[in-house]
2 protein chains.
Amino acid sequence: MSVMTTTLAHPERDEIRITTVLQALADPVRLQIVRALAMHEEGLSCGVLPLGVTASTLTHHVRTLREAGVVRVRPQGTSRISSLRRDDLDALFPGLLDGVLAARR
Amino acid sequence: MSVMTTTLAHPERDEIRITTVLQALADPVRLQIVRALAMHEEGLSCGVLPLGVTASTLTHHVRTLREAGVVRVRPQGTSRISSLRRDDLDALFPGLLDGVLAARR
DNA sequence: GCTTTTGTTCGACGGGGATCGTACTACGGC
DNA sequence: GCCGTAGTACGATCCCCGTCGAACAAAAGC
C-alpha cells in the first residue's frame, strides 16, 4: 500500500452533469476519440489514434473526458485503456450518445 | 418559394454541424433556454425567462443558438420569438435532444 | 411626435481552455 | 541494471467566449 494506487478518479453515475458532458463532447478532438471508442467496446489506448495533437494535449483531452464521466480509464502496463461509459450515459441521457454518433459530420 | 423575409441568418439543415450544436448546448444559460423552448412548441420571447443575465448577454446566447441551428428566430413586433428546431435536430442527430432534455440536472 | 418596450451592437474585460515543449515517472523487455 | 515506450505534470502562450455597460434601433401605443 505504500504505492499510492492512484486509481484514476471517475465520477459516480449520479455525479455526472449534463453540462460537463456536453462541454467534453464539444471539442473536435475529443469527439473523434469518442467515435473511435464507440467502435471498440473493449476499449483502446488513445495514443494509437491519428489525432494530430501532441501526447500532452492528448492527456489533457482524455482527462477531460474521464472527469466528465464520458470514458473510463484503466491502467494496463505502460498504457491506459479508455472505454466509453455507454451504460451510464445511456441511463442518464438516453439517446444522447447515439445522436452524437449518428452525426455524419 | 424563396421569400426574402429572412431577416436573421439561419443555417440550412445540411449546414448544421454536430460540434457547433454541442458547443451551443454546452452552456448553462443556453441549456436553460433550450429547456424552456422545449416546453413551448409555439416558441417564446427569451426575454421573459428568468436567466439572471443582462439583455445584451441574452442576445449573444440566442444568436449562438440560432447560428448553430438549434433555434429558429422570427421577429414579431418589437420581440423575437425563438423556437426549437426539433425536426432538423431529430433528423440529423436522432436522440440527442431527447437525451439532453432527459437530464435531471 | 414622443415614450416605452424589446432587442441589438460595440467595445472592454476577465477567465478558461486548447495547445505546446520540456522534464519527469512508470512499466516492460533485454 | 538499462533502455525504450507510454503517459503525466507543469508552466507558458494564445485565443476564444461569457459577461457587462452604454449607446443605438425599431416597433407599438398613446
Side-chain angles (χ1 to χ4, degrees), chain A residues 1-10 17-34 36-37 40 42-83, chain B residues 4-10 17 19-34 36-37 40 43-68 70-83:
Chain A
M1 315 306 177
S2 58
V3 176
M4 261 293 288
T5 65
T6 317
T7 341
L8 297 148
H10 290 79
R17 297 286 178 274
I18 182 64
T19 308
T20 313
V21 170
L22 289 172
Q23 280 168 353
L25 297 177
D27 175 273
V29 174
R30 289 194 290 264
L31 201 49
Q32 226 171 321
I33 294 174
V34 169
L37 293 182
H40 296 266
E42 71 282 6
L44 56 77
S45 169
C46 295
V48 307
L49 299 173
L51 298 171
V53 295
T54 65
S56 58
T57 299
L58 180 57
T59 295
H60 161 68
H61 283 308
V62 173
R63 181 178 53 224
T64 301
L65 288 170
R66 172 175 53 81
E67 292 177 349
V70 177
V71 306
R72 192 166 271 125
V73 184
R74 63 174 193 277
Q76 179 171 297
T78 76
S79 299
R80 304 261 167 131
I81 306 300
S82 300
S83 56
Chain B
M4 274 300 291
T5 53
T6 312
T7 321
L8 300 98
H10 291 79
R17 297 286 177 273
T19 308
T20 313
V21 170
L22 290 172
Q23 280 168 352
L25 297 177
D27 176 273
V29 175
R30 289 195 290 263
L31 201 48
Q32 227 171 319
I33 295 175
V34 168
L37 294 182
H40 296 267
L44 55 77
S45 170
C46 295
V48 307
L49 300 173
L51 298 170
V53 296
T54 65
S56 57
T57 299
L58 180 57
T59 295
H60 161 69
H61 284 308
V62 174
R63 183 184 2 138
T64 301
L65 288 170
R66 172 176 52 82
E67 291 178 347
V70 177
V71 306
R72 189 167 275 125
V73 184
R74 61 173 195 278
Q76 179 170 297
T78 77
S79 300
R80 304 259 167 133
I81 306 300
S82 300
S83 56

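So you know, we letter chains A, B, ... as the sequences are listed, proteins then strands, and number each from 1. Keep in mind that this is a model prediction, so the values were computed, not measured.
Rounded to whole Å, atom P of C:dG7 lies 10 Å from atom CG of B:Leu44. Nucleotide D:dC10 holds its C1' atom 10 Å from the CZ atom of A:Arg63, rounded to whole Å. Here D:dA9 presents its C1' atom at 15 Å from CG of A:Leu58, a figure rounded to the nearest Å. The distance between atom CD1 of A:Ile81 and atom P of C:dC27, rounded to the nearest whole Å, is 15 Å. Distance CD (A:Gln76) to P (C:dA26): 19 Å, rounded to an integer number of Å. As rounded to whole Å, 14 Å separates atom C1' of C:dT6 from atom CG of B:Leu8. Atom CG in B:Leu65 sits roughly 12 Å away from atom P in C:dT8 (whole-Å rounding).
Between D:dT8 and A:Arg80, a contact under 4.0 Å exists linking OP1 or OP2 to a side-chain N or O.
Partner of B:Gln32 under the side-chain contact (heavy atoms from CB on, under 4.5 Å) criterion, out of B:Asp27, B:Leu51, B:Leu49: B:Leu51 alone.
In this structure the side chain of A:Leu25 never reaches within 4.5 angstrom of the side chain of A:Arg30, judged on heavy atoms. At least one side-chain heavy atom of B:Val62 sits less than 4.5 Å from a side-chain heavy atom of B:Ser82. Contact check for B:Val29 versus B:Thr57: no side-chain heavy atoms found under the 4.5 Å cut-off. By the 4.5 Å heavy-atom criterion applied to side chains, B:Leu22 and A:Leu31 are counted as neighbours.
Residues B:Ser56 and B:Thr59 have side chains that never bring a donor and an acceptor to within less than 3.5 angstrom of each other.
Proximity of a side-chain donor or acceptor of A:Thr64 to a complementary backbone N or O of A:His60 within less than 3.5 Å is detected. A donor-acceptor contact shorter than 3.5 Å is absent between the side chain of A:Arg66 and the backbone of A:Leu8.
Between D:dG21, D:dT8, D:dA6, one nucleotide has an atom nearer to the side chain of A:Ser45 than all others, and that is D:dA6.
Backbone-only contact: B:Ser79 has heavy atoms under 4.0 Å from sugar-phosphate atoms and none from a base.
Contact between B:Arg74 and B:Ser83 at its shortest, heavy atoms only, is NH1-OG, 4.4 Å. Across B:Val21 and B:Ala68, no two heavy atoms sit closer than the pair CG2-O, 3.7 Å.
Within 3.5 Å, no donor on the side chain of A:Thr78 pairs with an acceptor on the base of D:dG7, nor the reverse. Between the base of C:dG7 and the side chain of B:Thr59 there is no donor-acceptor pair shorter than 3.5 Å.
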Any protein N or O atoms within reach of nucleotides 15-18 of chain C? Criterion: under 3.5 Å, listing atom names and distances.
unit_1	atom_1	unit_2	atom_2	d
C:dA18	OP1	A:Arg30	NH2	3.3
C:dA18	OP2	A:Arg30	NH1	2.8
C:dA18	OP2	A:His60	NE2	3.0

Report task. Decide yes or no on side-chain contact (heavy atoms from CB on, under 4.5 Å) for A:Leu37 and A:Leu65, but give the supporting numbers first. Result -> CA-CA 12 Å; A:Leu37 293 182; A:Leu65 288 170; 5.7 Å; no
Query raised in the report: Do B:His10 and B:Arg72 pass the side-chain contact (heavy atoms from CB on, under 4.5 Å) test, and can you show the C-alpha distance, the side-chain angles, and the key distance before you say yes or no?
Result: CA-CA 7 Å; B:His10 291 79; B:Arg72 189 167 275 125; 3.9 Å; yes
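Scanning residues 46-54 of chain A for heavy-atom distances under 4.0 Å to DNA chain D yields A:Gly47.
For the helix from C:dG1-D:dC30 to C:dC30-D:dG1, the terminal axes (five pairs an end, C1' atoms, rotation from four pairs onto the next four) enclose an angle of 20°, given to 10 degrees.
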